[in-house]
Amino acid sequence: MGAAPRFTEPSPEPAADTDDTDDVHPVDRLPRPGRLITTGFQHVAASYAGVVAPPLVLGAYLGLSPLEITFLVGASLFTAGIATLLQTIGFWKVGARMPFVNGVSFAGVAPMLAIADTQTDKKDALPIIFGAVIVAGALGFLLAPSFCKLVRFFPPIVSGTVITLIGVTLLPVSFGWIQGGHPEKPTSLTNLGLAGATLLIVLVLRRLLRGFLQQIAILLGLIAGTFLAIPAGAVDFTATRHAAVIGFPTPFHFGSPQFEAAAIVSMCILMLVCMTESTADMLALGEIVGREADEKVIAGGLRADTLGTALSPLFNGFANSAFAQNVGLVALTKVRSRYTVAACGLMFVLLGLSPVFASLIAVVPQPVLGGAGIVLFGTVAASGVNVLRTAGLEQGDNLLIAATSLGMGLIPVVSRTFYDNTAIPETLKIILDSGVSAGCLTAVVLNLAFNHLGHRRAVTAPEAVVPEQPVPVVR
C-alpha cells in the first residue's frame, strides 16, 4: 500500500460517530452499537487475510496436519485480538490508544522458515521459534521508550530494502504452494489452473469492486478458488469434521519454549524491523486522525506491540506488529474511533476461540493459496520498492547500499544450500539463511558506514521526493 494521505485538517466525522459531546476527540468517541459492530467487522475483513497467512505459510512448510494448522490459525487470531486490545484500550503506559490493528507480522515468516531449515524434523522448530519470539518481545518492550532515538538508523534506504526482501523471500513460498508443497516436482495442470483462476479472480475483484468489498478481494478470491477446487477433488474437509465449535488455544500446545542463541538473534532483528514499521504507521495514523503521534504515543504503541509479541507464544502465536492496511481503511472511511478497532480485536479473540471457524481456512487448497499469495507477497515487495523510491537512490552511495543489501538478502532465496558449509557456525548460519535478516544487517551496517560514521556527508533524499510521512507497509 502506498503512503496514506496527509490531512492538513481532520476530515469531519460522520454524524453517526458524534454521539458524545463535541469536546471529545473523534478518536475517543464511542459509536452507537450498530455502527460499532459493522465498522469493527470491516477492520476484521481488511486484516483477516494478513493475520491467517503467516500460520498457513509456516504450518504448510513444517508439514503440520490440517488440524494442527487449524490450531495455529486459531491461536494467531486469538493473540492478534489480545494485541489489538492492548493497542486500542491499553493500560498503564501500554498502548497508543489509537485506531490501530495489531496482528501477526509477515516479516517474521522468512526468519522462522530459516530456523525450521536447521532442524532434522521441521516440526521441532516451533518450540525454538516460540522461545526466540518471547525473548525478542521482552527486549523490544525494554527498548520501546528509547527506540525513537534508534529510528534514524532505519531510514528509507534500510527499511525499503528490508520490506522488499520480505516480499521477495516469501514469493517462492507461494510458488511451492502451487506445486502442491513439492517444489522439486513439476506443477500439475490442475494446480496451475486453480492458482491461475484464483489470481485472476482476485485481480478482477480488485478492479471492479469498491470500498468494503474491494478490501476483502483476496478473501473472496480464496473462497471462490476453494469452490472451484471442490470438483477437482483438491479440498480436504478432514479438519472441519473434527474441529470443535468452541475451544481454547492450549498454552504451549507444541511443547515448552526452547531458547537458542541463533534463533533469538534472528528474532531480535525482526523485532527491530517490526518496531520501525509500527513507528512509521503510527506517525501516518496520527496525521489521518488529527492527533499527533508524539514520543509518548509511539512509546506506548511499541510497548503494546512488544508485550503482545512476548505473550503470543504462550498461546502458540507469533510476533505482532501494526497492520498498515487498516491505517488506509481509517483514511478511507474517516471513522477515527479507537473503539471500532477495539471491537475488531474482540472479534478476533472470539474467532480464535472457535476452532471450527478457523478450520474453514485450513481447507483452502495449497494451489489456491499460491495464486492469492502471488498478489499478497508481491504487494509487500512492491511496497518496499515504493519506499526505496523515496530514499534518494541517485544521491551519494544509497544505490550501492540498496544493491549490496538486496544481493546479500537474495543469496538464500536463490540457493538454500549456499551456506551449507561445516566451517560456518550454526549461529551465523541461521542469520545468513534468512534473506531478511542478512539483508537488514547489511543495509544497517552499510548505511552507518557511508552515511553516518565520520559524518563524511549527510545523504538524504531530495525534498521533491521525500514523502510527507513514512510509508505504511502492507502485511
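When only modelled atom types and interatomic distance are considered, Asn191 and Gln179 share no side-chain donor-acceptor pair under 3.5 Å. Side chains of Ser312 and Asn320: a donor-acceptor N/O pair is present below 3.5 angstrom, by distance only.
Under the 4.5 Å side-chain criterion, counting only non-hydrogen atoms from C-beta, Ser174 is not in contact with Ile178. Looking only at side-chain heavy atoms (C-beta outward), Val101 and Cys344 come within less than 4.5 Å of each other. For the pair Met275 and Thr306, the minimum side-chain heavy-atom distance is below 4.5 Å. Counting only heavy atoms from C-beta outward, the side chains of Leu369 and Pro365 never approach each other to under 4.5 Å. Side chains of Val202 and Leu222 form no contact here, defined as non-hydrogen atoms less than 4.5 Å apart. Looking at heavy atoms from C-beta onward, Leu36 lies in side-chain contact with Tyr339 at the 4.5 angstrom threshold. Taking the side chain as every heavy atom from C-beta outward, Phe78 and Leu350 never approach each other to under 4.5 Å. No side-chain heavy atom of Trp177 sits less than 4.5 Å from a side-chain heavy atom of Val368.
Atom-to-atom distance recorded for Gln258:CD and Asp124:CG is 8.0 Å, nearest 0.5 angstrom. Taking CG from Leu126 and NE2 from His253, the interatomic distance works out to 9.5 Å, rounded to the nearest 0.5 Å. A distance of 10.5 Å separates CE in Met98 from CZ in Arg338, rounded to the nearest 0.5 Å. Taking CD1 of Ile264 as the start and CD1 of Ile269 as the end, the distance is 12.5 Å to the nearest 0.5 Å. With values rounded to the nearest 0.5 angstrom, Met267 atom CE is found 12.0 Å from Glu260 atom CD. The CG atom of Leu441 sits 10.5 Å away from the CG atom of Leu446 when rounded to the nearest 0.5 Å.
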Side chain to side chain contact (heavy atoms under 4.5 Å, CB included) between Phe141 and Asp305, worked out: CA-CA 8 Å; Phe141 188 85; Asp305 271 9; over 6 Å; no

Worked verdict on Gln87 versus Val341 for side chain to side chain contact (heavy atoms under 4.5 Å, CB included): CA-CA 9 Å; Gln87 192 68 265; Val341 178; over 6 Å; no

CA sep, side-chain torsions, deciding dist, call: Leu228, Ile201, side chain to side chain contact (heavy atoms under 4.5 Å, CB included): CA-CA 11 Å; Leu228 290 176; Ile201 290 170; 4.0 Å; yes

Worked verdict on Phe318 versus Leu58 for side chain to side chain contact (heavy atoms under 4.5 Å, CB included): CA-CA 11 Å; Phe318 307 104; Leu58 186 62; 3.5 Å; yes

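Listed here is the closest heavy atom pair of Leu64 and Lys123: CD2-CG, 3.8 Å. Ala263 and Ala132 get closest at one heavy-atom pair: O-CB, 3.5 Å. The two residues Gly225 and Leu194 make their nearest non-hydrogen contact at O-CD2, 4.4 Å. Between Val104 and Ser76, the shortest heavy-atom contact is CG2-CB, 3.7 Å. Smallest separation of non-hydrogen atoms from Ile89 and Ala342: CD1-CB, 3.8 Å. Minimum heavy-atom separation, Val413 to Pro172: CG1-CG, 3.8 Å.
The side chain to side chain donor-acceptor pair (under 3.5 Å) search around Arg303 returns none, not counting sequence neighbours. Residues meeting the side chain to side chain donor-acceptor pair (under 3.5 Å) test with Ser65, sequence neighbours left out: Glu68.
Although no hydrogens or angles enter the test, the distance criterion places a donor-acceptor pair under 3.5 Å between the side chain of Thr84 and the main chain of Asn102. A donor-acceptor pair is defined here as one N or O able to donate and one able to accept, closer than 3.5 Å; no such pair exists between the side chain of Ser415 and the backbone of Pro412. The main-chain N or O of Ala402 is never found under 3.5 Å from a side-chain atom of Ser405 such that the two would form a donor-acceptor pair. In this structure a side-chain-to-backbone donor-acceptor pair under 3.5 Å is missing from Thr404 to Ile401. The backbone N or O of Met408 lies less than 3.5 Å from no partner atom in the side chain of Thr442, so there is not a single donor-acceptor pair. Remark: side-chain polar atoms of Ser354 are not paired, donor with acceptor, to backbone N or O of Leu351 under 3.5 angstrom.
Annotation: Phe252 is not in aromatic contact with Phe315 [ring centroid separation under 6.0 Å not met].
Taking the ring axis of Tyr61 as reference, the NZ or CZ atom of Lys122 stays within 45° of it and closer than 6.0 Å to the ring centre.
Residue-environment remark: CZ (Phe259) exceeds the threshold of 12 foreign heavy atoms within 6.0 Å.
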